[in-house]
2 protein chains.
Amino acid sequence: MVTIADVARAAGVSISTVSYVMSGKRTISQETRDRVAEAIADLEYSPHASARSLASRSTNVIGLQAPLRAGVDVHVVMQIVAGIVTEARSLQYDILLLTSDDASGLSHAARASMVDALLVMDVESDDPRIKTLEGLDVPSVLIGLPAGADGLVCVDFDFEAAGRLAAHRLAELGHRRVALFGAPAEVLERHTSYADRLVRGFLSACDELALVGSVHACPTGAESTQVVDAVLAAEPSLSGILIHNEGALPHIAAHLASSAHELGVIALCPAEIAQTVSGLADSIAIPAEGIGAAAADALRGLLAGEQREKVVLLPPVLASAGA
Amino acid sequence: MVTIADVARAAGVSISTVSYVMSGKRTISQETRDRVAEAIADLEYSPHASARSLASRSTNVIGLQAPLRAGVDVHVVMQIVAGIVTEARSLQYDILLLTSDDASGLSHAARASMVDALLVMDVESDDPRIKTLEGLDVPSVLIGLPAGADGLVCVDFDFEAAGRLAAHRLAELGHRRVALFGAPAEVLERHTSYADRLVRGFLSACDELALVGSVHACPTGAESTQVVDAVLAAEPSLSGILIHNEGALPHIAAHLASSAHELGVIALCPAEIAQTVSGLADSIAIPAEGIGAAAADALRGLLAGEQREKVVLLPPVLASAGA
DNA sequence: ATGAAAGCGCTAACAG
DNA sequence: CTGTTAGCGCTTTCAT
């Protein structure tokens, strides 16, 4: 392997000069800088990451805990990760995908100095990882907005506002009886932060608007249409619905299109998903990639020691459906 | 931070003893081992990953290049990654998600000694990363089966056999004119390894069976039904199809269910996806998580210096559709 | 503007 | 069975 000593020798300078050329932390004569740069290029030198982080006490790596389990909307997760990765690359950070998804995985990564910061996805309303994170000496950002994370930076889409927005829009379209078809039961039962907040926003707005609103867990896939049919059977005057479930959306949309019911449908999902479905009244886009980018940027801010707001919520925007 | 010296002091032994207790590379008396273990637990010691890898010349990290771009089947990608992560955890490896998706990202990770091995997904039939990988001194595994990767270990689902299997099954069901509705055009145009192989297997089997077979790129979403309609219009006697496109599958299935055409449909997708769709004749499961696990295991084999076959292809299995 | 050298925390000889 | 110590490759004081 090529070491900094090889580069120094090739360039006819000392080791520290090579180091300073790379870091820019010292003024170096143009001539020397060129010779070093040339040697680096010639030898295809890349500094040994571990040696560097041992000496500098920083890794340029962000630890990421991402949900790979079932029930989550995979497009959303992938896009958030893509956003994180893209932003991280521009900041010269790499992403360590933690292979353990509990609190101990986080503290291990931190104590072993594997990461400069931690990014935690799929946060539950009352998440045990929160107190662990608060006790660590590496900065962290949550994607989600759990209860009692006062000390931590949280970034997410504003699902509560999205729920309210959807209810308002349904009311505006003249619907009086409305329903939210949401995440699969396992996600709701875990009290995943975003699902809880969406429900809260939707129902509270229904209350204020004197709408009759209900919430239904919704399985992924064709089964979802049975849930919809059951709800419609029980409440025939239901006329407007909000769907927050990627996997169910196309099935429900197709089902309603070929059925007698005239339902106003709002979809809450990434814009690209909404585009692939026809028959929607409106949609509210989940800016998934933006969430990831915002989270990575918040982390950059923390790492740079900036003073930041603790909570960043991306606002929902109503879009008329393409069809 | 807690260092090995702290542990040694607390346990009343030398630092090398602590090191050997952790690695098990030396026989240590039970008593000493217990004292050290206790000190480690008390102090919540985790060895500094960089210091360890600098000294030991290994990182216990696998570098992963995963496709986060559009067009790929996100479920498949997520499940493959989940398989990799799960297997990696059991092997005590972490996953570094490389934020650059080109050849230079691979050689950088290798030269900087950031990883012990590389795992590359979304391989194209003639992929520029192949010769880069061959020149590196870290072992690597490709997920895919490109042309001319003679020196490299490749793991994948046997898409060619799957294409043949589907054609045989369609023939068996009595269809004479068949079509493959495959990945989006951008994926086919990139000559992604799996898409190429599926086409090859499907068409060659059609040939042998004297079926009239055709292949059609297929957009994701409701638009896909237009492609199907267009093909059916041009070839009304088409009676059997193979769908290899997660994002199009539910739309096409729903569309055909409410249309006059009586088509035999085989889906090629993860089993969980097939389950969510009704109206399928049969399905062939893509064992996505298994691919990831097999790839990680192949890497483990390489790292352990085992003699291994260069190509591992998971065989396709026909499943009657749940509905 | 440049060098020399002292660590960073650990592993693995080498020495009992 | 255990301890001492020389590196691993780099960053960063001190020097000059």
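Computed from a prediction, not measured in an experiment: that's the story for all the values here.
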Using a cut-off of less than 4.0 Å, is there contact between a side-chain N or O of A:Ser56 and OP1 or OP2 of D:dC10? no
In whole Å, I'd like the distance from the NZ atom of B:Lys25 to the P atom of D:dT2. 18 Å
Is the closest basic N to carboxylate O distance between B:Asp94 and B:Arg89 below 4.0 Å? no
Is a donor-acceptor pair below 3.5 Å formed from side chain A:Ser16 to base C:dA4, judging by atom type as modelled? yes
Starting from C1' on D:dC1, measure out to CG on B:Asp34 and report it in whole angstrom. 15 Å
Quick test of your reading of the model: are B:Glu31 and B:Arg35 salt-bridged, counting only N-O distances below 4.0 Å? yes
Can you tell whether the side chains of B:Asp122 and B:Arg69 come within less than 4.0 Å, N to carboxylate O? yes
Does the side chain of A:Ser14 get closer than 4.0 angstrom to OP1 or OP2 of C:dT2 through an N or O atom? no
Measure the distance from CG on B:Leu54 to P on D:dG9 and round it to the nearest whole Å. 7 Å
Between C:dA6 atom P and A:Arg57 atom CZ, what is the distance in whole Å? 18 Å
Between B:Ser29 and D:dT2, is there a side-chain N or O to OP1/OP2 distance below 4.0 Å? yes
Is any side-chain nitrogen or oxygen of B:Tyr20 closer than 4.0 Å to OP1 or OP2 of C:dA13? no
By nearest-heavy-atom nucleotide on DNA chain C, the more 5' of A:Ile15 and B:Tyr45 is A:Ile15
Checking all strands, does B:Thr32 fall into the base, sugar-phosphate, or nothing category for heavy-atom contacts under 4.0 angstrom? sugar-phosphate
Assess whether a salt bridge exists between B:Arg197 and B:Asp156, defined as any Lys/Arg side-chain N lying under 4.0 Å from an Asp/Glu carboxylate O. yes
State which of D:dT2, C:dC10, D:dT11 makes the closest approach to the side chain of B:Ile28. D:dT2
What does A:Ser19 touch in the nucleic acid at a heavy-atom separation under 4.0 angstrom: a base, only the sugar-phosphate, or nothing? base
